[in-house]
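Order of the sequence lines fixes the chain letters, A, B, ..., with proteins taken first and strands second; residue numbering starts at 1 for each chain.
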Amino acid sequence: MTENIFTLLTQEVRGLLAALLPDLPAEALARVQVEPPRDPAHGDMATNAALVAAKPARMPPPKLAAALAERLLALPMVTEATPAGPGFVNLRLDENFLRGQVSTVLKAGTAYGDSRLGGGVRANVEYVSANPTGPMHVGHCRGAVVGDALANLMKKAGWAVTKEYYINDAGNQVQALGWATYWRYVRTVTMDADAWNAENAERRFGVALQYRGDYLVAVGEALAERFGDTLMPREVGASELPPEETMSAFGPALERGWLVKTSWIDTCRETAVAMMMVAIREDLAMLGVAQDVFRSERAMVEAGAVEGAVSLLERKGLIYEGVLEPPKGKTPDDWEPRPQTLFRATDFGDDVDRPLRKSDGSNTYFANDIAYHADKVGRGEQLLIDVWGADHGGYVPRMTAAVKAVSDGRVPLEIVLCQIVHVLKGGEPVRMSKRAGTYITLRDLIEEVGRDAVRFTMLTRKSDAQMEFDLDRVVEQSRDNPVFYVQYAHARCCSVLRQAEAMDPALTAGLGAVSLAALTDGAEMALIRRIAAWPRMVEAAATAREPHRIAFYLGDLAGDFHVLWNRGRDDSTLRFIREEDPVATRARLALVAATATVIRSGLGVMGVTPVNEMR
RNA sequence: GCGCCCUUAGCUCAGUUGGAUAGAGCAUCGACCUUCUAAGUCGAAUGUCGGGGGUUCGAAUCCCUCAGGGCGCGCCA
């Protein structure tokens with residue numbers, strides 16, 4: 001845990017204000033903030049204290065600001081306190097106090113910026129949760145990176161975080177996967193693969209083959225190896241049809257005259273899901289993502305969790321049988337009023353009540369999702385965060401309503417939506433089609449540009465803004481590639497420290513306790529101020545659930561450092577290492593080491609590996 | 001038709017949760033550097049924060065409204 005100079009000053013200001021105005025309501029006191037002013041000419045920090053206290057205190061803001069400024073000036077770390085503008089108090093901090101942050105960083109290491117803000121609250125961050133119907137592609141990638149970085153960020157800011165992956169292994173999608181896998185199995189075993197082309201198979205099975213990608217070939221082969229030809233379909237005449245009472249053991253193919261046991265499809269599905277999950281975990285590992293918990297939807301359903309959740313809602317009087325109005329304006333062609341089992345989502349802010357059962361009696365995805373979120377609540381999670389693709393945006397109100405209902409409003413659910421990523425190559429958008437198998441897999445992407453570039457770039461936009469991922473740009477070694485720019489700053493830091501140590505190991509020893517008085521240059525102080533802002537940045541980004549802010553901060557930090565470096569090119573007295581002045585050298589090396597530490601701390605949140613040299 | 005998200009410099013985007021004269025990079029223009037600590041430096045110019053209205057000490061930020069772009073809209077997950 002390291003000090004945050006902004007919260008430190010906030011406490012001081014609140015304390016002084018409360019002493020000045022004993023009757024000030026706590027609500028006003030809570031609105032008192034200390035933040036860096038936009039214009040650095042206004043000083044290191046500014047507080048709105050006089051503005052927020054003026055009305056309840058019945059005093060004009062400037063007068064209050066003047067009184068507050070006088071008291072703030074008495075603080076040891078404050079060298080200037082001036083009322084300004086409509087009632088701000090601008091503060092300038094003692095430079096020794098600021099320099100002290102360098103030592104603080106070096107003592108704390110990458111734990112610098114850790115915070116207790118989250119108060120140890122148990123937060124569950126669920127992300128990726130791709131259907132296990134194929135390898136991960138770029139569409140999943142953004143959510144994976146955003147979720148992982150957000151989890152890291154909140155951990156750093158003091159939440160007790162669980163990273164979770166929900167395996168959607170129940171429902172129609174994986175059923176379709178089972179059939180596609182079965183088709184691959186048949187093509188592996190049969191002597192006449194042409195006769196079992198996709199069109200013939202669809203006709204004979206009576207199902208659509210949604211997943212035709214090559215990645216299922218290996219699953220078909222694995223099944224062929226294990227079961228030989230025992231799962232092969234058999235053509236039957238009308239006279240050979242199985243008795244009525246066993247018909248249910250066969251799927252839709254039977255009507256087309258083909259015997260295919262549903263248990264075979266189950267086997268195919270299970271095998272495929274298992275193998276896909278292995279592949280997905282490999283993909284995640286390549287991306288540097290490792291969730292703590294993998295939860296199976298099917299296992300949850302089979303354990304009766306959905307019935308449990310529904311009856312819980314029933315006991316709360318939130319379930320009823322009813323008929324929904326058709327959507328206003330646009331009525332679907334096949335719309336017909338139908339009584340359904342509905343959840344009273346409107347009681348919790350949703351527009352309409354939401355169905356829990358399909359017409360065939362099975363549960364909707366929503367019902368399963370209620371059970372799943374109730375399960376998280378039941379595990380003692382106190383804050384739920386789901387990272388979703390933006391195409392699920394319409395689903396947000398009903399899910400938050402459901403979590404309110406099952407947790408009696410105790411557990412908030414927050415949804416982070418991730419917009420589409422458009423991949424560009426040579427300035428041209430790369431078109432992707434799942435059906436045609438032309439989509440870019442996560443593996444392709446990582447092999448092309450590297451894991452760190454993928455992760456960093458995915459965090460260079462607010463998650464709910466669309467992003468263009470330019471394959472050429474992210475590997476470019478120039479100022480306008482933030483990945484490179486930040487990595488290069490870290491490598492330069494390491495390079496300086498290596499050189500110094502090679503000259504004399506005593507130069508780099510014990511930097512945490514070195515005298516920093518020689519750090520007087522404006523560019524040096526600017527870098528120190530940036531470093532001192534890191535703990536505040538962590539808290540702000542975590543509170544806003546916006547990990548991309550870390551990327552922007554690191555870009556700024558790198559910029560400050562590069563400025564300093566480049567000044568050494570024009571003026572050799574500003575170089576970090578000056579043989580004739582070991583005291584200044586040691587102070588500057590401490591600053592360099594602190595810069596590298598903060599970069600590492602930030603990259604750690606982003607899950608990006610810092611490099612020690614550029615090649 | 002309804003709901004949600006987005007619209008900030010020529011381009012790509014930030015904007016510290018309502019703070020002061022709205023910022024950065026690229027591109028443009030003008031100087032400098034030609035070497036070391038390779039993968040430049042400094043300066044200039046650039047705005048109806050999509051339009052309009054409101055809330056208040058104060059709005060790019062909150063509310064209403066209009067325009068343009070994206071997403072979604074009962075038995076898909």
So if I take every side-chain heavy atom of [X] and compare against [options], which nucleotide ends up nearest?
| X | options | value |
| --- | --- | --- |
| Arg549(A) | U37(B), G15(B), A39(B) | G15(B) |
| Val563(A) | U37(B), G19(B), C42(B) | C42(B) |
| Met614(A) | A20(B), A39(B), G3(B) | A39(B) |
| Pro86(A) | G74(B), G19(B), A38(B) | G19(B) |
| Phe552(A) | U17(B), C13(B), C57(B) | C13(B) |
| Lys55(A) | U37(B), U56(B), G70(B) | U56(B) |

side-chain N/O [X] vs [N] OP1/OP2, d < 4.0 Å:
| X | N | result |
| --- | --- | --- |
| Asn131(A) | A77(B) | no |
| Lys462(A) | C13(B) | no |
| Asn566(A) | U41(B) | yes |
| Tyr488(A) | A39(B) | yes |
| His562(A) | A38(B) | no |

Base, sugar-phosphate or nothing for [X]? Non-hydrogen atoms, less than 4.0 Å.
| X | result |
| --- | --- |
| Thr460(A) | nothing |
| Tyr365(A) | base |
| Ala46(A) | base |
| Ala84(A) | base |
| Arg536(A) | base |
| Ala544(A) | base |
| Pro36(A) | base |
| Leu51(A) | base |
| Arg461(A) | sugar-phosphate |
| Pro61(A) | nothing |

Integer angstrom distance from the [atom1] of [N] to that of [M]:
| N | M | atom1 | value |
| --- | --- | --- | --- |
| U28(B) | A45(B) | C1' | 9 Å |
| C42(B) | G19(B) | C1' | 32 Å |
| A9(B) | A22(B) | C1' | 11 Å |
| G74(B) | U55(B) | C1' | 39 Å |
| U41(B) | C36(B) | C1' | 14 Å |
| A24(B) | A59(B) | P | 23 Å |
| A27(B) | C63(B) | P | 38 Å |
| G18(B) | G3(B) | P | 25 Å |

In this structure, how many angstroms lie between the [atom2] atom of [N] and the [atom1] atom of [X], rounded?
| X | N | atom1 | atom2 | result |
| --- | --- | --- | --- | --- |
| Lys63(A) | C57(B) | NZ | C1' | 17 Å |
| Met45(A) | U16(B) | CE | C1' | 13 Å |
| Asp556(A) | A14(B) | CG | P | 13 Å |
| Arg354(A) | G72(B) | CZ | P | 15 Å |
| Arg338(A) | G74(B) | CZ | P | 12 Å |
| His422(A) | C6(B) | NE2 | P | 17 Å |

| request: Check step by step if side-chain hydrogen bond (donor to acceptor under 3.5 Å, both in side chains) holds for Gln173(A) and Tyr211(A). | output: CA-CA 9 Å; Gln173(A) 297 302 314; Tyr211(A) 301 102; 2.6 Å; yes
| said: Using 0.5 Å steps for rounding, measure from the CE atom of Met606(A) to the CG atom of Leu153(A). | reply: 11.0 Å
| Reported OG-to-OH distance for the pair Ser296(A) and Tyr165(A), which is rounded to 0.5 angstrom | 11.5 Å
| task | Establish, yes or no, whether a centroid distance under 6.0 Å links the rings of Tyr166(A) and Tyr372(A). | result | yes
| With stacking defined as ring centroids separated by under 5.5 Å and planes differing by under 30°, is His42(A) stacked against A20(B)? | yes
| message | When you measure from the side chain of Thr341(A) to the backbone of Arg357(A), do you find a donor-acceptor pair of N or O atoms at a distance under 3.5 Å? | response | no
| message | Cation-pi check for Tyr320(A) against Arg344(A): NZ or CZ below 6.0 Å from the six-membered ring centre and within 45 degrees of the axis, yes or no? | response | yes
| Checking Arg536(A) against Phe6(A): charged group under 6.0 Å from the ring centre and within 45 degrees of the axis? | yes
Under the 3.5 Å rule, do the base of [N] and the side chain of [X] count as making a donor-acceptor pair?
| X | N | result |
| --- | --- | --- |
| Arg567(A) | U41(B) | no |
| Asn90(A) | A20(B) | yes |
| His392(A) | A77(B) | yes |

| More than 12 foreign heavy atoms under 6.0 Å from CD1 of Ile319(A): is that the case here? | yes
| query | Syn or anti: how is U17(B) classified when any glycosidic angle within 90° of 0 counts as syn? | reply | syn
